[in-house]
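Report on the following structure.
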Amino acid sequence: MLDIKFIRENTEAVEKGVKDRGLKLDLKKLLSLDAEKRKFITEVEDMKSKKNTASQEIGKLLREKKDASKLKAEMKASSQKVKEIDTKVGDINDTLQKMLLEIPNIPDSSVPVGPDGRSNKVVRKWGKPRKFNFNTKNHIELAEELDIIDFGRAAKISGAGFALYKGLGARLERALINFMLDIHTKKHGYKEVFPPFLVNRKSMTGTGQLPKLEEDMYRLKDDDLFLIPTAEVPVTNMHRDETIDEADLPIYYTAYTACFRREAGSYGKDTRGLVRVHQFDKVELVKFVKPETSSDELEKLLKDAEAVIQLLNIPYRVAVLSTGDMSFAASKCYDIEIWAPGTDAWLEVSSCSNFTDFQARRANIKYRPKDSKKAAYIHTLNGSGVALARLVVAIIENYQEKDGSITIPEPLRPYMDSMDAIRFV
RNA sequence: GGAGGAGUGGCUGAGUGGCCGAAAGCGGCGGUCUUGAAAACCGUUGUACCUUCGCGGUACCGUGGGUUCGAAUCCUACCUCCUCCGCCA
C-alpha cells in the first residue's frame, strides 16, 4: 500500500509507476474522494467539539439541579447529524481503502521498463551446462524409472498437478530441506521458524496476495482461512501491528513450508512433471530491515539464495525483472533460474524481492528510529532459498548418468547416509 | 464440544455513566547530587488523524454494532487468552 499523503504530493510519480507496469488507474477519483473525506472530517470534528462542550454543560446543569431539556434536545439532533456524516466518512474511507489496496508498489528506478518478461535483463550467469555423451532424459522419465516419484498415484490421491515422492525421492526432498535450512541458519545468520500453513484474511492482505489474487489461493470457506502460497505470508505477518526495537533490526528469518497454489489460468502449461505443481516445498528467506539498508539487503539476500545452488553445482542465471513482470508488491525483484537439461529450460527457483515499505504499511510494521520521535515503517524483503520441486528437477536432470541412475551432489550426501547415487533396485 | 473467568498505555494494575486519555507502581528519557556510578529527589514520558498549523481540535481502554445529551464503564455480536470437564494425533 502506498501512503495517501505520498500519492497526494507525488501524483505524477505514482502515475508513472502504474503505467510502467502496464496498468491503468484513475488517481483523479482517488484524490477527489480523499479531498471529500477530509472536508467531511473537518466539518464533523467541529460538530463533535461543540457537542462535547455542550454535554459537559448538561452535566453541570444537572448537578446544579437545573433544567437541561432544551440543550439535550438540541444535542440529540446534532448527534443524529454527526452519525450521518460519520457514516458517510466511513463509506468514503472504505472505498478509498479498497482503491489503495489495489495500487501496486512503485518500481525502483533501477528496474528496466517494459511490458512483460521479454524486457527482463539477465545480470549474470553461473556455471557451465554439462556436456552429455548420451541422450538425456527428462526428470519424469528418470524419476518414474527409478520409482522415486509416482505421478500416477498422486493423481489418484489428489488430482493432476501433485507428486508422490517415494523411497529415496522422499529422502532427497527431506535432505534438501535440511541442507538449505542448515546453510541459512549456520552460515547466513537467519533464524529458523516453522509457521502455520493456514493463515487468515488479514495476513493475506498484509503481504499483498489479497484482495487481487484471491482466485489463485486455496481457500477454506467455512473458516475464511487460506493455504499459504509461500512462507512469505505467515513469516512477514509475524510482526504485523508491531513496533520493532531499532536494536533488533535487521531481522532475518528462514522457514521451510509447503506451498499451495491453484495455478488457475495456467492450464495446459507444464501440466506434466514437477515444474508446475499445486503443492511444493520451499525454504524461504524473509528480512525486516531499516529503510536505508533495504537495497543492499536485497543483494545480500540474492547471494544467500545463489549460494545454495552454487554448492549443489548447478548452472543458473539471475535476471532483474522488468516493470511489467514484477509482482504487485515488489519495488525490485531478481529471479534465479536454474538449468534443466532434460526439460531443456531455465526454471525459476527463486524470486528475491524488495518490497520497501509497501507490505509494512499494509501490515503496520514499524520501528522507532533513534533520532526521531515518530515511528517509521520498516522495509520487508523475501526470496526463496530455494523452491524444492524445480530444484529436484534440476538435480535429477543435471546429475543423471547413462545407466539412468542419479549421482547425489556431494553436499547432500551427509544428509543421505553417505549414499553417492540413486540407482535401480 | 461443554462450564466458568478475563481482555485498560512499554509492563503490572486501578477505574461500573459526566470531574477519565485514563490513578498508582515499574520501566524509559532529562535534571539535581557524585571523580564516575548506584541510591535518593525533581521533572517528563501513548498512538493516529484533521487543521485557518495556534502549546487548536477529533478519535482510540480486544473488535464491530447499539442505548444515552454524554460510554473504558450499560446492552449485544464476534475475536483472543486463562481455568476445569470431555474428545483426540
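What you are looking at is a predicted structure, and each value in this text was computed from that prediction instead of being measured. In what follows, every chain begins at residue 1, and chains take the letters A, B, ... in the order their sequences are listed. These numbers come from the heavy atoms of this one structure, side chains and all, not from hydrogens, waters or symmetry mates.
- Pairing for B:A38 is absent, judged as Watson-Crick or G-U wobble with the two contacts each under 3.5 Å.
- Put simply, CZ on A:F40 is 14 Å from P on B:U51, counting in whole angstrom units.
- The phosphate of B:A48 (OP1 or OP2) has a side-chain N or O of A:K366 nearer than 4.0 angstrom.
- Summarising the base pairing, B:A71 is matched to no nucleotide, lacking a Watson-Crick or G-U wobble pair whose two defining distances lie under 3.5 Å.
- A sub-4.0 Å separation between OP1 or OP2 of B:U67 and a side-chain N or O of A:K76 is absent.
- Pairing for B:C33 is absent, judged as Watson-Crick or G-U wobble with the two contacts each under 3.5 Å.
- Pair check for B:A14 finds none; no Watson-Crick or G-U wobble contact set falls under 3.5 Å.
- Taking for each of A:K5 and A:K50 the nucleotide of RNA chain B with the nearest heavy atom, the 5'-most of the two is the partner of A:K5.
- Remark: C1' of B:C49 and CD of A:Q97 are 13 Å apart, rounded to the nearest angstrom.
- As the counterpart of B:C81, B:G5 is assigned, both hydrogen-bonding distances of the Watson-Crick or G-U wobble pattern falling under 3.5 Å.
- Side-chain atoms of A:K72 lie closest to B:C69 of the nucleotides B:C50, B:A59, B:C69.
- If you check the side chains of A:S294 and A:H379, you find a donor sitting under 3.5 Å from an acceptor.
- A side-chain N or O of A:Y252 and one of A:E297 form a donor-acceptor pair less than 3.5 Å apart.
- Within 4.0 Å of A:L71, counting heavy atoms only, lies no atom of the nucleic acid at all.
- Contact annotation: A:N52 reaches the phosphate of B:U58 (side-chain N/O to OP1 or OP2, under 4.0 Å).
- At whole-Å resolution of the value, NZ in A:K48 and P in B:G70 are 12 Å apart.
- For A:R368, no side-chain nitrogen or oxygen approaches OP1 or OP2 of B:G28 to under 4.0 Å.
- A donor-acceptor contact closer than 3.5 angstrom links the side chains of A:R240 and A:S203.
- Remark: A:R38 is not in phosphate contact with B:C49, judged by side-chain N or O atoms under 4.0 Å from OP1 or OP2.
- For A:S79, a side-chain nitrogen or oxygen approaches OP1 or OP2 of B:G70 to under 4.0 Å.
- For the pair A:N364 CG and B:C49 C1', the interatomic distance rounds to 14 Å; values are reported in whole Å.
- Between the side chains of A:D248 and A:Y367, no donor N or O sits under 3.5 Å from an acceptor N or O.
- Between A:D20 and A:K16 there is a salt bridge, since a side-chain N of the basic residue sits under 4.0 Å from a carboxylate O of the acidic one.
- In this structure, A:K374 reaches the B:C49 phosphate: one of its side-chain N or O atoms is under 4.0 Å from OP1 or OP2.
- Of the candidate nucleotides B:C49, B:U51, B:G70, B:U51 has the atom lying nearest to any side-chain atom of A:T42.
- Within the nucleic acid shown, A:K83 comes within 4.0 Å of sugar-phosphate atoms alone, with no base atom in reach, counting heavy atoms only.
- Minimum heavy-atom separation, A:I406 to A:I148: CD1-CD1, 4.3 Å.
- Of all nucleotides present, none satisfies the Watson-Crick or G-U wobble test against B:G54 with each distance under 3.5 Å.
- Pair assignment for B:G86: none, as no Watson-Crick or G-U wobble contacts are both less than 3.5 Å.
- Nucleotide B:U47 forms a pair with B:A59, judged by Watson-Crick or G-U wobble geometry with both contacts under 3.5 Å.
- As rounded to whole Å, 14 Å separates atom C1' of B:C49 from atom CG of A:L96.
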